[in-house]
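Every chain is numbered from 1 and lettered A, B, ... according to where its sequence line falls, protein lines coming before strand lines.
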Amino acid sequence: MYRKDGNPDGNPYRTHTAGELRAEDVGERARLAGWVSRRRDHGGLIFIDLRDRWGVTQVTFDPDSGEVFRAAEQLRPEWSISVEGEVARRPEGNENPELPTGEVEVVAGSLRVLNESLTPPFEVDRERPVDELLRLKYRYLDLRRGRMRENIVFRHRVVKHMRDYLDARGFVEIETPLLTASTPEGARDYLVPARLYPGQFYALPQSPQQFKQLLMVAGFERYFQIARALRDEDQRGDRQPEHTQLDLEMSYTTQEEVLNLVEDLYVEIVEGLSEKKLGAKPFPRLTYREAMERFGSDKPDLRFGLELGDVSEIARTSEFKVFRGAVEGGAGGSVRGIAVGGLGDLSRREVDELATIASLGGARGLVDLKVGKDGGLSGRTAKFFSGEEGEALRAALGAEPGDYMFFVADAKDAVVFESLNRLRLHFRDRLELADPEELALCWVTDFPLFEWNEDEGRIEPMHHMFTMPREEDVELLDSDPLKVIGQLYDLVANGVELASGSVRIHRPDLQQKVFSIVGIDAEEAERRFGAMLTAFRYGAPPHGGIAPGIDRLIMVLRDEPNIREVMAFPKTQNARDEMMDAPGPVTPEQLEELHIAIRMPTRRGPEQPPREAPNV
RNA sequence: GGGGGCGUAGUUCAGUCGGUUAGAACGCCGGCCUGUCACGCCGGAGGCCGCGGGCUCGAGUCCCCUCGCUCCCGCCA
């Protein structure tokens, strides 16, 4: 950043960063500014590791320097200082190969203490686990630590790459409002009371969905935005109240074009910026159906096998009631299984544990069979499967001698898939089947446009209600909407959904039809999406797009266990900001202005002491 | 909304069957030390054992309640 041609602006703090001095700089005068990372006081000689964003440089203080030396004796970790001195080669044998600056040191000629520091609540310069609440409360100190700094800087590089990539292809970055109307995603909105409209509220956007489509109507052709998306739902490791997505949309485009655009971008990011090993290229494309049948999931982890096998036909004629019952009646049930090697002999208890894992996917039981050295089957249910039948099961799963076969039978395909998916992921972790260095990206396409919501007894959009059906399926909208395939696509990496998008409906008549299928009548459609429906009557172009999640991408590229590790200021699982102490109460005057009265929950709720309102 | 785990020094943790003065490491403070880079050596301070209640002669330890954090299910992306 600063070079040895000097200090043209006369910066009083530094002429160089702490990460750039090398052997060739020996003899130069240098001034460094940063934090005291560590002090090694030898009585007659003091070493300071001076840290800034760019690196660490060793500074030495010699007793000959008198006053400066005595000042250095007072230094403590995390003090902010500026040091000026000569760059010297370290004595023979005292180089530190761990540091890029390890061949040299700065011999301090002067020292300015810019700011002292309290003793930090945790050790900033040591990579030790610290309670996350404490880290969040002192996030500014946590962010001084190497791993977090690298994550945040890496994130910047990825986002910058996205901007440059899209700019070079004619995309325009456009901001859309944060204060807007409720959006049509399924999640709960964050609401903001409208002072000028008593009883009315803005909603914070769950995504810029309608705006991006309106920008297509507006003729920008290619739009993108690094957009914040807010949803008032419970947290998970990969979910936060606000997350960031690369929102993009294109006019006169096709699914193929969107996929290729994003694929090339992700190849550049993974190969050019990250240390991950990219899986198959071009990215494998699986239809939703194929992903479910092979992996039991619409976000499959392709780094390992353990693919599902369908044994429904064998089950149909089986003596085993559990199997036969699942496929009888033609209600769409199935029997499927996976073959797993390397498990040795499982105890009854271990098998029960596996059944519990499967039950989380809805399975009412788990059928386990072990393939013996001679190919014969053993297990509690082995007696139901004659030699021929057992052989057929074995062949269907491709099970080898010594493998276990696990089967789930259910009248609902979805239960079979979800249960086996959980088992598959369990074995991935237990048997370490997935290469942690690999990033296996794939596309999942051809999702159904709608799904049946069991609880509410109605049809819902799988993605959102602006998704275009496949051309050949438009007729099915009337006859059998659940069979309609949408022009819908997800980008998946190692079992994590990274992006989701679709070609949109641009014709008002088709949009109306989709609304009515999901139970929105013309009046409600007009009320909720009036602007967009009207806009579509002014020559809306065909368009489509996608919204890759940035937090999750950085998370998988950096091997972090959750997205809080790649966000500068995340919230806790209970959606609190411990550093800023938000949310918090406001003054009665503020509430008055908003025409809001608080009615506290009676049964149970967050305790609200009558504490003083903050000075705003 | 439901379930699991955790809560002991500034930090990360240990703490046996309920038993005397609650320990370790790192950090912090003081002293010594001229080539360290996890510097070393000597000494020291530091505890509402999350909060409240109960059983008990006696509770960090057992029971109940509650608060906080975290993971999972639901929800959601």
Enquirer: Taking the C1' atom in each of G19(B) and C32(B), what is the distance between them to the nearest angstrom?
Expert: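 My reading of the C1' atoms in G19(B) and C32(B) gives 43 Å.
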Enquirer: Taking any heavy-atom pair under 4.0 Å as a contact, classify Leu134(A): base, sugar-phosphate, or nothing.
Expert: sugar-phosphate
Enquirer: Hey, is the main chain of Ala440(A) close enough, under 3.5 Å, to the side chain of Asn494(A) for a donor-acceptor pair?
Expert: yes
Enquirer: With hydrogens left out and only the distance checked, is there a donor-acceptor pair under 3.5 Å joining Asp41(A)'s side chain and the base of C33(B)?
Expert: yes
Enquirer: How would you label the contact of Gln58(A) with the nucleic acid (heavy atoms, under 4.0 Å): base, sugar-phosphate, or nothing?
Expert: base
Enquirer: Are Phe406(A) and Phe427(A) close enough that their ring centres sit under 6.0 Å apart?
Expert: yes
Enquirer: Please determine if a side-chain N or O atom of Arg76(A) lies less than 4.0 Å away from the OP1 or OP2 oxygen of C28(B).
Expert: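 For C28(B), neither OP1 nor OP2 has a side-chain N or O of Arg76(A) closer than 4.0 Å.
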Enquirer: If only side-chain N and O atoms of Arg236(A) are considered, is one of them under 4.0 Å from the OP1 or OP2 phosphate oxygen of C73(B)?
Expert: yes
Enquirer: If pairing requires Watson-Crick or G-U wobble contacts with both distances under 3.5 Å, which nucleotide is the partner of G46(B)?
Expert: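 For G46(B), the partner nucleotide comes out as none, under the 3.5 Å rule.
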Enquirer: Going by an N to O cut-off under 4.0 Å, is there a salt bridge joining Arg38(A) and Asp49(A)?
Expert: no
Enquirer: Check for me: is His42(A) stacked on C39(B) by the 5.5 Å centroid and 30° plane-angle rule?
Expert: yes
Enquirer: State the CD-CE distance between Glu565(A) and Met148(A), to the nearest 0.5 angstrom.
Expert: 5.5 Å
Enquirer: In this structure, how many angstroms lie between the C1' atom of C76(B) and the CD atom of Gln235(A), rounded?
Expert: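 Distance, rounded to whole Å: 10 Å.
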Enquirer: Assign Glu78(A) to base, sugar-phosphate, or nothing according to its heavy-atom contacts below 4.0 angstrom with the strands shown.
Expert: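 Nothing, no nucleic acid heavy atom in range.
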Enquirer: Checking all strands, does Pro91(A) fall into the base, sugar-phosphate, or nothing category for heavy-atom contacts under 4.0 angstrom?
Expert: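 If one applies the 4.0 Å heavy-atom cut-off, Pro91(A) turns out to touch a base.
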Enquirer: Under 4.0 Å between any heavy atoms, over every strand shown, what does Arg38(A) touch: base, sugar-phosphate, or nothing? Just pick one.
Expert: sugar-phosphate
Enquirer: Taking the P atom of each, how far is U61(B) from G46(B), in whole Å?
Expert: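 The answer is 24 Å between these two P atoms.
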Enquirer: Rounded to the nearest Å, what distance is computed from the CH2 atom of residue Trp79(A) to the P atom of nucleotide C28(B)?
Expert: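 Rounding to the nearest Å, CH2 of Trp79(A) and P of C28(B) are 12 Å apart.
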Enquirer: Determine: side-chain N/O of Asn96(A) to OP1/OP2 of U36(B), distance under 4.0 Å, yes or no.
Expert: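 False: Asn96(A) side-chain N/O out of range (4.0 Å or more) of U36(B) OP1/OP2.
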Enquirer: By nearest heavy atom, map Gln240(A) and Glu578(A) onto RNA chain B; which one lands nearer the 5' end?
Expert: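 Result: Glu578(A).
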Enquirer: So, Asp189(A) and Gln206(A): side-chain donor and acceptor under 3.5 Å apart, yes or no?
Expert: yes
Enquirer: Using purine N1 to pyrimidine N3 plus N6-O4 or O6-N4 for Watson-Crick, or N1-O2 and O6-N3 for G-U wobble, each under 3.5 Å, what pairs with G18(B)?
Expert: none
Enquirer: From CZ of Arg70(A) over to P of U34(B), roughly how many Å is that when rounded to an integer?
Expert: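 Result: 16 Å.
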Enquirer: In whole Å, what separates the P atom of U56(B) from that of C63(B)?
Expert: 16 Å
Enquirer: Does Glu432(A), at its CD atom, have more than 12 non-hydrogen atoms belonging to other residues, nucleotides or ligands within less than 6.0 Å?
Expert: no
Enquirer: Distance between the P atoms of A14(B) and A24(B), in whole angstroms?
Expert: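 Between the two P atoms, the distance is 16 Å.
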Enquirer: Could you tell me how far C55(B) sits from G43(B) if I compare only their P atoms? Round to whole Å.
Expert: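 To the nearest whole Å, 46 Å.
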Enquirer: Can you tell me the distance, in whole Å, between the CZ atom of Arg128(A) and the C1' atom of G27(B)?
Expert: 8 Å
Enquirer: Tell me whether the ring of Phe122(A) lies stacked over the U11(B) base, given a 5.5 Å limit on centroids and a 30° limit on the plane angle.
Expert: no
Enquirer: Pick base, sugar-phosphate or nothing for Thr572(A), based on heavy-atom distances below 4.0 Å to the nucleic acid.
Expert: sugar-phosphate
Enquirer: Below the 4.0 Å mark, does U36(B) have OP1 or OP2 next to a side-chain nitrogen or oxygen of Arg40(A)?
Expert: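 So the side-chain polar atoms of Arg40(A) never come under 4.0 Å of the phosphate oxygens OP1 or OP2 of U36(B).
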Enquirer: Taking the six-membered ring for Trp, are Phe69(A) and Phe61(A) ring centroids under 6.0 Å apart?
Expert: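 No, they do not, as the ring centres are separated by 6.0 Å or more.
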Enquirer: Taking A45(B) as the reference, what is the distance to C33(B) when you measure between their P atoms (whole Å, please)?
Expert: 24 Å
Enquirer: With heavy atoms under 4.0 Å as the rule, sort Glu127(A) into base, sugar-phosphate or nothing.
Expert: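 Nothing: the residue Glu127(A), judged by heavy atoms under 4.0 Å, touches no strand.
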Enquirer: Does Gln573(A) have a side-chain nitrogen or oxygen under 4.0 Å from the phosphate oxygens OP1 or OP2 of C71(B)?
Expert: yes
Enquirer: Taking pairing as Watson-Crick or G-U wobble with both contacts under 3.5 Å, can you name the mate of U11(B), or confirm there isn't one?
Expert: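 Result: A25(B).
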Enquirer: With respect to the side chain of Arg231(A), which nucleotide from C69(B), C76(B), C37(B) is positioned closest?
Expert: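 The closest nucleotide is C76(B).
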Enquirer: To check you understand the geometry: which heavy-atom pair defines the closest contact between Ala291(A) and Asp298(A), and what is its length?
Expert: CB-CA, 4.4 Å
Enquirer: Whether the side chain of Asp234(A) and the base of G74(B) hold a donor-acceptor pair under 3.5 Å is what I'd like checked.
Expert: yes
Enquirer: Mind checking who C69(B) pairs with, Watson-Crick or G-U wobble, both distances under 3.5 Å?
Expert: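 Partner of C69(B): G5(B).
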Enquirer: Relative to the 5' end of RNA chain B, which residue comes earlier, Glu95(A) or Thr119(A), by the nucleotide with the nearest heavy atom?
Expert: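 Going by which nucleotide is closer to the 5' end, it is Thr119(A).
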Enquirer: Which value, in whole Å, describes the distance between the P atoms of nucleotides C64(B) and C6(B)?
Expert: 14 Å
Enquirer: Hunt down the Watson-Crick or G-U wobble partner of G40(B), both distances under 3.5 Å, from any strand shown, or write none.
Expert: C32(B)
Enquirer: Whole angstrom is fine here: how far is it from CZ in Arg228(A) over to P in A77(B)?
Expert: 18 Å
Enquirer: Looking only at atom P, what distance separates C49(B) and G10(B), rounded to whole Å?
Expert: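 Here C49(B) and G10(B) have their P atoms 12 Å from each other.
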Enquirer: According to a strict under-4.0 Å criterion, is Arg239(A) in side-chain N/O contact with OP1 or OP2 of G74(B)?
Expert: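 The answer is no; no side-chain N or O of Arg239(A) sits under 4.0 Å from OP1 or OP2.
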Enquirer: Answer with base, sugar-phosphate or nothing: what part of the nucleic acid does Pro77(A) contact at a heavy-atom distance below 4.0 Å?
Expert: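 Answer is sugar-phosphate: Pro77(A) comes under 4.0 Å of backbone atoms only.
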Enquirer: Students often get this wrong, so: under 4.0 angstrom with heavy atoms, is Arg564(A) touching a base, only sugar-phosphate, or nothing?
Expert: sugar-phosphate
Enquirer: Looking only at side-chain atoms of Arg422(A), point me to the closest of C73(B), U34(B), A77(B).
Expert: C73(B)
Enquirer: Suppose we call a contact any N or O donor and acceptor under 3.5 Å apart; does that hold for the side chain of Arg90(A) and the base of C37(B)?
Expert: yes
Enquirer: Rounded to whole angstroms, how far apart are CD on Glu73(A) and C1' on C33(B)?
Expert: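 Value for this atom pair: 12 Å.
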Enquirer: Measure the distance from CG on Asp581(A) to P on G68(B) and round it to the nearest whole Å.
Expert: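 Nearest whole value for this atom pair: 13 Å.
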Enquirer: Do Phe466(A) and Phe529(A) have ring centroids that are under 6.0 Å from one another?
Expert: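 Between Phe529(A) and Phe466(A), the centre distance is under 6.0 Å.
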Enquirer: Between the base of G35(B) and the side chain of Glu105(A), is there a donor and acceptor pair under 3.5 angstrom?
Expert: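 A donor-acceptor contact between them is present.
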